[in-house]
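First up is the structure itself, then whatever we jot down about it.
All values below come from the heavy atoms of this structure, side chains included, with hydrogens, waters and symmetry mates left out. Proteins get letters first, then strands, A, B, ... in listed order; numbering begins at 1 in each.
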Number of protein chains: 2
Amino acid sequence: MENKRELFQILTRRFGILNKNCCAGDDIEISTVHSHILYEIDKQHIPTMQQIADTLAIDVTTFSRQIQTLIKMNLVSKSPSSDDKRFYVLTLTNEGHNMAQSVESSMNSYLNEVFSHMNEFEQETVLRSIKLLNNAMAKSSVCCTPLI
Amino acid sequence: MENKRELFQILTRRFGILNKNCCAGDDIEISTVHSHILYEIDKQHIPTMQQIADTLAIDVTTFSRQIQTLIKMNLVSKSPSSDDKRFYVLTLTNEGHNMAQSVESSMNSYLNEVFSHMNEFEQETVLRSIKLLNNAMAKSSVCCTPLI
DNA sequence: TCTTTTATTTGTAAAATGCAAGTATATATT
DNA sequence: AATATATACTTGCATTTTACAAATAAAAGA
């Protein structure tokens with residue numbers, strides 16, 4: 001049987017390509033990394049800089065600059081936390097939220113197209129498997145230990 | 001049910017993190033992109049520059065420079081094709097082959113660890129699902145059309 | 001022979017990255 | 001309270017990565 005690595009290598013490479021083309025909004029375009037940042041800010045409840053950087057395994061200093069870019073693009077806003085002024089909390093602007101939605105729906109329609117090449121049963125099995133895999137990774141010591 | 005995108009987002013992000021830590025050989029360390037290049041040169045039979053660049057969806061000009069780096073690191077060698085001198089064919093050096101092996105075994109042991117958190121049946125199901133998914137992606141019009 | 005196509009490289013300029021060192025705020029120690 | 005230490009984030013570099021446009025070089029077509 002083919003080894004695991006080959007299967008995953010191909011899968012993630014392809015998903016990466018999907019992700020690359022995902023990120024055109026109404027008028028502006030953003031990078032894959034930026035789309036992940038928007039995604040996580042949307043998902044986590046008023047996160048701090050550190051939280052998102054950790055989740056995405058991005059160096060904080062790099063992340064700091066990425067946020068600066070996203071703020072300039074008017075997609076993200078950053079405000080000092082009231083109880084501890086060392087922290088900054090991140091939120092999406094309306095524009096950022098729209099962009100996140102736009103990426104979300106592009107990705108979902110891409111994935112629906114991909115899934116359309118499988119029958120109902122296969123689709124179910126695949127989704128269940130991805131969940132199993134995500135859970136296994138969450139338990140793993142070699143992967144993603146401090147991550148959500 | 002959670003949407004597909006979320007499941008895939010998390011999966012591929014985690015796999016990306018695995019990949020990041022994968023690439024330490026005996027003494028030198030390489031980037032994820034470089035490890036993918038070595039992987040593909042090893043897999044494809046005496047490929048040309050263009051072939052690998054296309055497979056990995058990397059811009060050829062960027063790829064040209066990446067190969068230059070890998071040659072300097074003595075992991076790859078490049079020679080003009082005898083029948084058509086516009087082409088250059090790529091091969092791994094012994095050192096490059098060792099590196100590819102080393103990455104391969106790191107990745108497989110990471111993945112084995114991840115899989116150890118599932119039972120036999122789940123493991124089978126997951127592997128079968130990844131294959132299904134790869135086939136579906138290969139048929140897809142939105143993903144990876146010119147790719148293997 | 002002359003033009004066009006194909007494979008690859010270089011020029012240049014922008015963006016992404018990450019370490020070391022900085023600032024600013026909070027907590028711990030004395 | 002004063003000083004030291006820790007934490008969250010930013011900036012200064014210096015390197016690496018990226019990609020468009022233009023160049024080179026070889027093959028194929030007219």
Within this structure, what is the [atom1]-[atom2] distance for the pair [X] and [Y], rounded to the nearest 0.5 Å?
X: R128(A); Y: T125(B); atom1: CZ; atom2: OG1; result: 6.5 Å
X: N135(B); Y: I10(A); atom1: CG; atom2: CD1; result: 10.0 Å
X: E113(A); Y: M137(B); atom1: CD; atom2: CE; result: 10.0 Å

Please report, rounded to the nearest Å, how far the [atom2] atom of [N] is from the [atom1] atom of [X].
X: H36(A); N: dT17(C); atom1: NE2; atom2: C1'; value: 17 Å
X: L56(A); N: dG18(C); atom1: CG; atom2: P; value: 13 Å
X: E29(A); N: dC20(D); atom1: CD; atom2: P; value: 11 Å
X: D54(B); N: dT6(C); atom1: CG; atom2: C1'; value: 12 Å

field: Carboxylate-amine/guanidinium contact E122(A) K131(B), below 4.0 Å
entry: no

- prompt: Would you call the rings of F15(B) and F8(A) parallel, tilted or perpendicular, where under 30° means parallel and over 60° means perpendicular?
  reply: parallel

query: Under a 4.5 Å side-chain heavy-atom rule over Ile, Leu, Val, Met, Phe, Trp and Tyr, are V76(B) and V60(B) clustered together?
result: no

statement: Ranking H34(B) and T48(A) by the position along DNA chain D of their nearest nucleotide, the one closer to 5' is T48(A)

- prompt: Which residues in residues 62-72 of chain B have at least one heavy atom lying under 4.0 Å from any atom of DNA chain D?
  reply: T62(B), R65(B), Q66(B)

query: Looking at DNA chain D, which of residues 77-93 of chain A put a heavy atom within less than 4.0 Å of it?
result: K78(A), R86(A), F87(A), Y88(A)

- line: Exactly one candidate in E40(A), Q44(A), Q50(A) meets side-chain hydrogen bond (donor to acceptor under 3.5 Å, both in side chains) with T55(A); the answer is Q44(A)

message: Which nucleotide wins on minimum distance to the side chain of Q50(A), given the candidates dA20(C), dC9(D), dT9(C)?
response: dC9(D)

field: Residue pair N19(B) / M107(B), side-chain heavy-atom distance below 4.5 Å
entry: yes

